[in-house]
Amino acid sequence: MVRARHPKKDIEAALRRAELQGWRVEQSSGTGHAWGRLYCQSNDQSCRNGEFCVFSVYGTPRNPFSHASRIRRIVDSCAHRCSRVPLVNLQKAR
């Protein structure tokens with residue numbers, strides 16, 4: 001199933017990068033602050049000090065660029081390094 005695009009282009013680019021590295025993006029169905037959630041494939045306690053590689057993606061963050069940077073930082077710091085794709089290929093995917 002194809003997910004909806006995020007309304008902020010910086011965050012959408014960070015989400016695509018996460019998906020290429022094996023992360024799963026699920027869009028929220030209810031109303032609230034979170035647009036969706038980002039999940040690591042492995043999702044075990046050894047990753048991110050027991051935070052289980054889950055991250056809330058906001059629909060209207062105060063600063064979209066810094067929220068996108070935080071998404072990239074979390075994906076890059078994943079202990080499991082799910083399906084690593086070289087950065088060169090990520091730039092061509094845009």
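Start at 1 with the first residue, then count along the sequence.
Between Trp35 and Arg3, the closest heavy-atom pair is CH2-NH1, 3.7 Å. The nearest pair of heavy atoms linking Ser56 to Ala34 is CB-CB, 4.4 Å.
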Tabulate below the donor-acceptor pairs under 3.5 Å that side-chain atoms of residues 4-11 make, not counting sequence neighbours, or state none.
{"from": "His6", "atom 1": "ND1", "to": "Lys8", "atom 2": "N", "distance (Å)": "3.1"}
{"from": "His6", "atom 1": "NE2", "to": "Tyr58", "atom 2": "O", "distance (Å)": "2.8"}

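Val57 places none of its side-chain heavy atoms less than 4.5 Å from the side chain of Gln27. Using a 4.5 Å heavy-atom threshold, the side chains of Leu38 and Val75 count as touching.
For the atom pair CH2 of Trp23 and CD1 of Ile74, the computed distance is 7.0 Å after rounding to the nearest 0.5 Å. To the nearest 0.5 Å, atoms CG (Leu20) and CZ (Arg17) are separated by 10.0 Å.
Shown here are the side-chain hydrogen bond (donor to acceptor under 3.5 Å, both in side chains) partners of Ser69, two or more places apart in sequence or in another chain: Arg72.
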